[in-house]
Amino acid sequence: MPNLLLELRSEEIPARMQRKAAGDLKKLVTDALVEAGLSYEGAREYWTPRRLALDIHGLTARSADVREERKGPRTDANEKAIEGFLRGAGLSSVSEAQVVSDPKKGDFYVAVISKPGRATEEIVTDVMPGIIRDFPWPKSMRWGKASSKPGALRWVRPLQSIVCTFGPEHEETTIIPFEIDGITASNITYGHRFHAPEAITVRRFDDYAANLEKAKVILDAERRKDIILHDARDIAFANGLELVEDEGLLEEVSGLVEWPQVLMGSFEEDYLSIPSEIIRLTIKTNQKCFVTRASGSETLSNKFILVSNIQASDSGKEIVHGNGKVVRARLSDALHFWKRDQGNLPDLEMLSASAAKFGLDINKPLDQRMAKLDALDVTFHAKLGTQGARVARIRALAKQLADITGADAALTDRAAVLAKADLRTEAVGEFPELQGLMGRKYAVLQGEDASVAAAIEDHYKPQGPSDRVPEDRVAITIALADKLDTLIGFWAIDEKPTGSKDPFALRRAALGVVRILLERRIRLPLLATTRDDDLLSFFHDRLKVYLRDQGARHDLIDAVLTSDADDLLMVARRVEALTAFITSEDGKNLLAGTKRATQLLAAEEKKGTVIADGVSQALLSLDAEKELFVAISSASKDASEAVAREDFRSAMEALSKLRGPVDRFFEDVLVNDEDAAIRANRLALLRLIREATGTVADFSKISG
């Protein structure tokens with residue numbers, strides 16, 4: 001079976017776009033080929049900073065012939081119907097159609113449409129220009145003289161050449177020479193920009209990848225990542241250190257080089273007085289370098305690891321020297337920020353009103369920054385006011401929540417006031433990723449309580465499904481207040497998430513609230529806190545996502561979750577108990593009997609059948625219905641008491657005693673008795689089953 005090799009070579013593609021672009025290319029090409037009637041055994045995409053490549057193997061040499069019979073109108077149909085049929089089938093007259101007789105429907109026209117298969121080369125030539133021209137880059141550009149013409153090709157960076165070869169694995173391949181904006185596909189590519197700029201002739205993927213490697217280009221991005229990671233670990237180990245690994249940085253750096261060369265640089269140890277987080281971010285953000293630390297230690301060393309795209313003749317000494325100069329300059333700036341943030345602001349006399357408003361100690365640096373944040377009227381959102389106003393709201397909400405979380409009131413208030421103070425520090429101004437973390441460091445330096453310092457950092461958490469949840473009660477309280485204020489505010493101004501758009505990360509905030517409540521086992525009445533039914537429904541959606549990710553069945557969640565359920569911890573506990581019960585033998589059998597009872601009852605209710613208001617024991621004539629009535633009375637009482645104690649497992653156990661009586665009832669009793677009074681009484685008995693199980697869950701929503 002033939003193979004197809006495709007390469008689109010350009011100037012440097014931004015690292016963050018490469019992986020997705022290669023995947024897009026694979027999907028667009030393979031989808032187009034399959035839609036044209038071809039099939040293939042496998043396909044794999046590749047990418048480097050200067051190329052996207054695609055290897056499709058086992059591709060059929062041509063599409064199959066297609067014969068389609070399209071049924072038309074009766075031969076005696078009106079003229080317009082026949083004309084429409086002919087147009088749709090591509091026929092010029094009825095003489096080109098066949099007439100088929102049907103004993104029941106009479107004679108009607110049938111168009112036989114035959115489409116001969118097409119060579120793969122023809123199909124590729126047909127589909128590729130459109131794929132390239134309409135490629136879904138997040139950002140693209142035009143270039144050269146043609147850029148001023150309407151419809152000029154746009155690409156992420158100037159497209160320089162295209163390779164497109166096709167042929168069997170062990171025979172000569174052919175070039176598919178499609179053309180787009182003056183670039184014609186060929187079998188010529190180029191290696192490393194500096195080490196091997198000469199043209200390379202390729203036939204198929206195997207020699208293409210091998211020749212590129214000889215030309216100092218490692219095509220496989222995962223292999224480049226592996227080389228960088230292991231060489232970095234080795235060079236760190238050789239210097240008595242260990243690499244501080246960073247998957248995101250590794251992905252980015254592998255997209256910056258085609259021939260990775262790992263080197264080690266250094267900076268003065270005096271800079272190690274800067275917090276490690278600042279050093280790491282400075283070196284990562286500005287120079288795309290990794291940091292190292294002493295083996296088994298959290299303290300950084302003064303050695304950093306860089307990845308070059310050039311195999312220098314001086315073993316990289318000049319490259320290391322140049323990177324070291326930039327790193328030292330950036331660390332000098334960072335040290336300046338760190339020291340400035342610990343000193344007094346120059347305009348303290350202008351901050352007295354804000355300091356008084358929040359009870360701030362104007363002699364403390366972090367308090368000064370909070371006063372400055374308020375005094376400057378820094379906007380949080382145009383419709384939600386300033387950051388100062390937001391802090392005031394969080395402070396008031398945290399005061400209410402502290403009664404529920406059990407947090408110390410004074411410490412909670414202090415943490416609420418200082419939580420956003422580091423937004424006015426120079427370190428966070430330079431590195432926004434450090435908000436919260438820098439606040440904690442500055443809080444410790446000015447002698448704040450450990451709970452207050454922890455809350456300043458942790459109130460942003462969790463920021464995603466893998467992020468940790470705050471543990472300290474003060475931190476938990478501020479984290480809840482921060483997220484709830486965000487959600488309440490944006491709901492109030494009708495800025496809710498729509499579809500895939502969530503610019504204010506409200507889904508993440510709601511999921512953070514859900515995780516805190518469930519993982520820290522907090523009972524919070526959300527409806528009383530938010531006073532918004534629609535927002536409560538939004539929390540329910542996030543709760544469903546969380547519980548499903550934890551392995552809960554969607555039908556069991558739906559069986560427990562009512563529209564007014566605002567204690568999410570209790571919902572989760574009910575789902576947990578129901579899951580354990582419904583997988584037991586008693587649970588499975590009770591579910592079957594209960595569903596039968598509720599379905600029969602629902603059908604009779606829909607028909608308007610009379611159902612007694614209550615069960616009359618005088619009308620219970622059969623042993624099975626008498627036994628069921630006694631069992632329901634007992635189980636309902638026990639289950640209700642267990643639910644009141646929030647002991648849902650015991651409630652399930654109480655309901656499990658209904659299994660035998662329900663089974664015997666349906667074996668021995670005819671519900672729709674001829675006597676209307678007996679029928680109404682037995683239906684009332686079924687309603688008792690529904691009400692009894694309903695104290696725990698709506699069994700009708702459980703599948704199975």
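Note that the structure is predicted; figures quoted are calculated from it, not measured. All values below come from the heavy atoms of this structure, side chains included, with hydrogens, waters and symmetry mates left out.
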Taking NZ, NE, NH1 and NH2 as the nitrogens, is one of them in [X] or [Y] under 4.0 Å from a carboxylate oxygen of the other?
X	Y	answer
K496	D534	yes
K637	E641	yes
K701	D555	no
D586	K657	no

Using 30° and 60° as the class boundaries, would you call the ring planes of Y109 and F85 parallel, tilted or perpendicular?
parallel

Is it true that, when you exclude [X] itself, more than 12 heavy atoms of the residues, nucleotides or ligands shown sit nearer than 6.0 Å to its [atom1]?
X	atom1	answer
R16	CZ	no
D623	CG	no
K399	NZ	no

Identified salt bridge (charged side-chain N to carboxylate O under 4.0 Å, His left out) counterpart of R395 within the set D485, D413, D374:
D413

Is it the case that the side chain of R390 and the backbone of D482 share a donor-acceptor pair, with hydrogens and angles ignored and the cut-off at 3.5 Å?
yes

For F108, is the NZ or CZ atom of R74 found under 6.0 angstrom from the centre of its six-membered ring and inside 45 degrees of the ring axis?
no

Pairwise ring-ring contact (aromatic ring centres under 6.0 Å, His included) hits with a residue in residues 525-560, at least two apart:
W491-F538

Contacts table for residues 676-687: side-chain donor-acceptor under 3.5 angstrom, sequence neighbours left out:
{"from": "R679", "atom 1": "NH1", "to": "D673", "atom 2": "O", "distance (Å)": "2.8"}
{"from": "N681", "atom 1": "OD1", "to": "S616", "atom 2": "N", "distance (Å)": "2.6"}
{"from": "N681", "atom 1": "ND2", "to": "S616", "atom 2": "O", "distance (Å)": "3.1"}
{"from": "R682", "atom 1": "NE", "to": "E625", "atom 2": "OE1", "distance (Å)": "3.1"}
{"from": "R682", "atom 1": "NH1", "to": "L670", "atom 2": "O", "distance (Å)": "2.7"}
{"from": "R682", "atom 1": "NH2", "to": "E625", "atom 2": "OE2", "distance (Å)": "3.2"}
{"from": "R687", "atom 1": "NH2", "to": "A612", "atom 2": "O", "distance (Å)": "2.3"}
{"from": "R687", "atom 1": "NH2", "to": "D613", "atom 2": "O", "distance (Å)": "3.2"}

